[in-house]
Amino acid sequence: MKHITILAFSALVLASCGQKEKTNDTVITANTESKDLALNLDPNAGIINNANSPHVAFKSIDMGDCQWTEGFWADKFKIAETKMVPYMRSLLTGDTGHALNNFKIAAGLKDGEHKGMHWHDGDFYKFMEATMYVYAQNKDEALLKEIDSYIDIIGKAQEKDGYLQTQIQLNEDRSRYENRKFHEMYNSGHLLTSACIHYRITGQTNFLDIAVKHADLLYSLFMTDDERYGRFGFNQTQIMGLVELYRTTKDKRYLELAEKFINNRGAYKVAETPETKGYPIGDMVQERTPLRKSDEAVGHAVLALYYYAGAADVYAETGEQALIDALDKLWMNVALKKMYVTGAVGQTHYGASTNRDKIEEGFIDEYMMPNMTAYNETCANVCNSMFSYRMLGVHGESKYADIMETVLYNSALSGINLEGDRYYYANPLRVIHGSRDYDKMNTEFPTRQAYLDCFCCPPNLVRTIAKVSGWAYSKSKNGIAVNLYGGNTLKTTLTDGSKIELKQETAYPWNGDVKITMQECKNTPFDMLVRIPDWAEGTKVFVNGKDADVTVKAGEFTTINREWKKDDVIRIAMPLDINFVEGHERIEEVRNQVAIKRGPLVYCVESADLPKNTSILDVFIKGDASQLKSEYRPDFLGGVSAITGNVLLRKDAAKTDKMYHKVNKPQWEKYNTTFVPYYAWSNRNNEKESEMTVFLPVVWE
């Protein structure tokens, strides 16, 4: 255990009993004495540091324990390392993104004014986190020096009492915690999380010092029943950040404050106050119903899923039954009634909740799943995987990893182009020329953008791509769980401290064969848990070439317990059939339509693969999946398994302004086309804008 000393925040050090310090109209009552905080820091280095959490079934591996070696995720990580992170650096440390400039101005190192959204500080912390995940893999000392230079600037920008919000500090017309629309809690959460990750990877405390100082200020203000602060923390990243800070420092105040933010939601009358003006209230920010009484995901999808993920972190520490009961209901509501086939969530940009509260960028009624106007913010999709990853840790059940995988291969990666330097904020399932007026929209675009003024999604996605190796495995009570497949090596310890080394070889998701070789392990029996995806019916599992003689069921972990030895080989053979998928009968938008799936990947058809001037609305699919064929093309869209087969083009579709008109039996033209993975759509350089659809009307034969 590494022992260090971090100074308590300066407001307490400077104040004496009964004194108050007033800064920007916020009054802080100081403690009665000043002292250093002696902190026993936890050296465990999991992305979610639940190594000592008493209420989880699966524990995290440490960052860097799993290294991608070849295949899909190795390729994606390499792009993150060589293009995504460097390109984002050029944006956020320059004049385009202006994020680092904001910190420099607040630090007195540069003249100027704040630019960017209110949450831009948080975007920069996420970029720093992504950079640190890359450093955890490649150990490039230049990255560490780069991060240290940012930390030095951020430290100079922080005020003496721990306050750090450039969007407030650089605006004389704003006061601290004046209005929740300024997203101070959101920025705080990403600060705390990023600082904990930095400590776990580097062992340095320079960033953690800043986080502790800031968290102490939050505790002094928000550990209260005053409605002025009780309704404030609506964008709940601070809950996750506080729990990670508690796990790192063992200071229980941070866990108490995290739980306080949960307890505050739904505890106050939903009414407009000076602190809420300018931003929707009620279900929009999950404040109408207390979490423990909630059974429906409502409001802004990102806010909701950050909230649920944070609550899952709190449960992992407290074990409160009412909390996990509610989270189980909410997860089921999202996964079974409000999630797209791509794992995307947040059906609409503007709408209303079932309680008739105005909502934006979020959840609406169950089974109301529009395709063309689907919002599906990249952040929301990523948050869906974050929530499921935490629920995987809590329960140790395969279904949560299924959702993680669906998101990662589909609605997350669709938010960035193959080269790693263009972004989508929204991820619809159908795009039609002329159907939307993009000039009236602020986050939807017909093509991916080099920069988004609202820049929350790009660093969220890039940090996820950079850290997904940390999600690939978990530690079970007496073994290792294989959550995600990809060519990698694992060097870690089991929960009893014994060493284990594995090598995974696979061309997944293009090929369903996975080979896992035991390279080092203890000489007493332990479990290997291999996930059988919910789509992988008919999977077979072998050990050293023989049937493993265990229960193999799609949608569950298969547990193999034995006395393992060096060079033992597990082989998982998953059939990668091409399947039609239809929606629930209550999803009106996809009645008599099907999507194409192969393994974890959802496919779509683009106008680039159709005759010129063909409308995507005139494309139908024959009701025979057996006529579809898959072929891996290494030089197509970065290397994908494309699916080819016949579609039917309707040649007599009426072009009319009438909403309804008489129709006769359609005239069909058969056409052989190519279907591409949804994540790879809109990546053809020879077209500025592409039509696309995931669901196609089906003509059954």
Side-chain angles (χ1 to χ4, degrees), residues 46 51 57-74 137 392-393 396-398 401-402 404-405 468-534 536-576 599-600:
F58 283 178
K59 310 281 188 180
S60 300
I61 61 172
D62 288 352
M63 285 174 281
D65 283 359
C66 176
Q67 300 266 344
W68 299 121
T69 54
E70 60 182 1
F72 188 91
W73 287 114
Q137 296 272 328
L392 172 67
E397 295 179 21
S398 178
D402 285 339
M404 288 161 44
E405 180 178 71
V468 74
S469 61
W471 290 4
Y473 298 91
S474 295
K475 302 178 185 182
S476 64
K477 185 176 181 180
N478 183 36
I480 287 290
V482 185
N483 303 325
L484 300 173
Y485 295 111
N488 64 63
T489 57
L490 175 70
K491 296 181 181 180
T492 190
T493 57
L494 301 180
T495 53
D496 63 4
S498 61
K499 292 182 179 180
I500 183 171
E501 292 187 16
L502 305 173
K503 181 179 181 180
Q504 185 178 155
E505 299 169 276
T506 180
Y508 191 91
W510 315 122
N511 187 293
D513 280 353
V514 178
K515 177 184 175 183
I516 301 174
T517 303
M518 192 72 62
Q519 296 188 315
E520 181 180 345
C521 63
K522 65 181 181 179
N523 57 12
T524 55
F526 64 93
D527 297 334
M528 284 295 299
L529 287 73
V530 293
R531 182 177 66 89
I532 312 301
D534 59 355
E537 295 180 4
T539 294
K540 298 184 182 300
V541 178
F542 305 88
V543 175
N544 297 332
K546 298 179 180 179
D547 190 292
D549 194 25
V550 291
T551 300
V552 180
K553 185 177 180 180
E556 295 184 1
F557 281 102
T558 289
T559 301
I560 311 169
N561 178 274
R562 58 180 280 156
E563 186 174 314
W564 299 92
K565 63 182 184 299
K566 186 177 181 349
D567 296 327
D568 279 346
V569 174
I570 301 171
R571 180 174 166 242
I572 306 134
M574 292 174 274
L576 281 180

Closest approach of [X] to [Y] (non-hydrogen atoms, all atoms of both residues):
{"X": "Pro575", "Y": "Glu537", "answer": "CG-O, 3.1 Å"}
{"X": "Ala57", "Y": "Gly396", "answer": "CB-N, 3.8 Å"}
{"X": "Lys59", "Y": "Ala51", "answer": "NZ-O, 3.3 Å"}
{"X": "Asn478", "Y": "Phe526", "answer": "O-CB, 3.3 Å"}
{"X": "Ala472", "Y": "Cys66", "answer": "CB-SG, 4.1 Å"}
{"X": "Asn561", "Y": "Pro525", "answer": "OD1-CB, 3.9 Å"}

Handout entry: ring pair (Phe, Tyr, Trp, His ring centres under 6.0 Å) partners of Tyr508, counting only residues at least two apart
Key =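 With sequence neighbours excluded, Tyr508 shows a ring pair (Phe, Tyr, Trp, His ring centres under 6.0 Å) to Tyr485, given in chain and number order.
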
Problem - Partner set under ring pair (Phe, Tyr, Trp, His ring centres under 6.0 Å) for Phe58, not counting sequence neighbours - result: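 Once residues adjacent in sequence are excluded, the partners of Phe58 under the ring pair (Phe, Tyr, Trp, His ring centres under 6.0 Å) criterion are Phe557.
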
Problem - Trp73 vs Ser469 side-chain heavy atoms within contact, under 4.5 Å - result: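 Answer no - side chains too far apart.
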
Atom [atom1] in [X], atom [atom2] in [Y]: separation rounded to 0.5 Å?
{"X": "Ile560", "Y": "Ile570", "atom1": "CD1", "atom2": "CD1", "answer": "4.5 Å"}
{"X": "Asp567", "Y": "Lys503", "atom1": "CG", "atom2": "NZ", "answer": "11.0 Å"}
{"X": "Met518", "Y": "Ile500", "atom1": "CE", "atom2": "CD1", "answer": "4.5 Å"}
{"X": "Asp527", "Y": "Ser476", "atom1": "CG", "atom2": "OG", "answer": "5.5 Å"}
{"X": "Thr517", "Y": "Glu501", "atom1": "OG1", "atom2": "CD", "answer": "12.5 Å"}
{"X": "Thr559", "Y": "Met528", "atom1": "OG1", "atom2": "CE", "answer": "10.5 Å"}

Any donor and acceptor pair, going by atom type alone, linking the side chain of [X] with main-chain N or O of [Y] inside 3.5 Å?
{"X": "Gln504", "Y": "Gly486", "value": "yes"}
{"X": "Lys540", "Y": "Ala573", "value": "no"}
{"X": "Thr69", "Y": "Gly487", "value": "yes"}
{"X": "Asn544", "Y": "Val569", "value": "yes"}
{"X": "Arg531", "Y": "Ser398", "value": "no"}

Exercise for the section: Using the salt bridge (charged side-chain N to carboxylate O under 4.0 Å, His left out) rule, collect all pairs that involve residues 541-562, keeping only residues at least two apart or in two chains. Expected result: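 Residue pairs passing salt bridge (charged side-chain N to carboxylate O under 4.0 Å, His left out), neighbours aside: Lys553-Glu556, Arg562-Asp568.
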
Handout entry: Pairs satisfying salt bridge (charged side-chain N to carboxylate O under 4.0 Å, His left out), at least one member in residues 471-497, at least two apart
Key =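 Salt bridge (charged side-chain N to carboxylate O under 4.0 Å, His left out) check on residues 471-497 returns Asp496-Lys522.
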
Problem - Partners passing side chain to side chain donor-acceptor pair (under 3.5 Å) against Glu505 (at least two apart in sequence or in another chain) - result: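 With sequence neighbours excluded, Glu505 shows a side chain to side chain donor-acceptor pair (under 3.5 Å) to no residue whatsoever.
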
Practice task
Name all residues meeting the salt bridge (Lys or Arg N to Asp or Glu O under 4.0 Å) criterion together with Glu563; count only those two or more places apart in sequence or in a different chain, and write none if there are none.
Solution key: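 Expected list: none.
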
Problem - side-chain contact (heavy atoms from CB on, under 4.5 Å), paired with Tyr473, selected from Leu484, Asp65, Leu502 - result: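 For Tyr473, the side-chain contact (heavy atoms from CB on, under 4.5 Å) test succeeds with only one of Leu484, Asp65, Leu502, which is Leu502.
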
Problem - Residue of the set Asp513, Thr539, Thr558 for which side-chain contact (heavy atoms from CB on, under 4.5 Å) holds with Ile572 - result: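 Going through Asp513, Thr539, Thr558 one by one, the side-chain contact (heavy atoms from CB on, under 4.5 Å) with Ile572 is satisfied by Thr539 alone.
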
Exercise for the section: Report the C-alpha separation of Ile480 and Leu494 in whole Å, then their side-chain angles, then the decisive distance to 0.1 Å, and conclude whether the side-chain contact (heavy atoms from CB on, under 4.5 Å) test is met. Expected result: CA-CA 7 Å; Ile480 287 290; Leu494 301 180; 3.6 Å; yes

Practice task
May I have the step-by-step check of side-chain contact (heavy atoms from CB on, under 4.5 Å) for Trp564 and Val543, ending in yes or no?
Solution key: CA-CA 10 Å; Trp564 299 92; Val543 175; 4.1 Å; yes

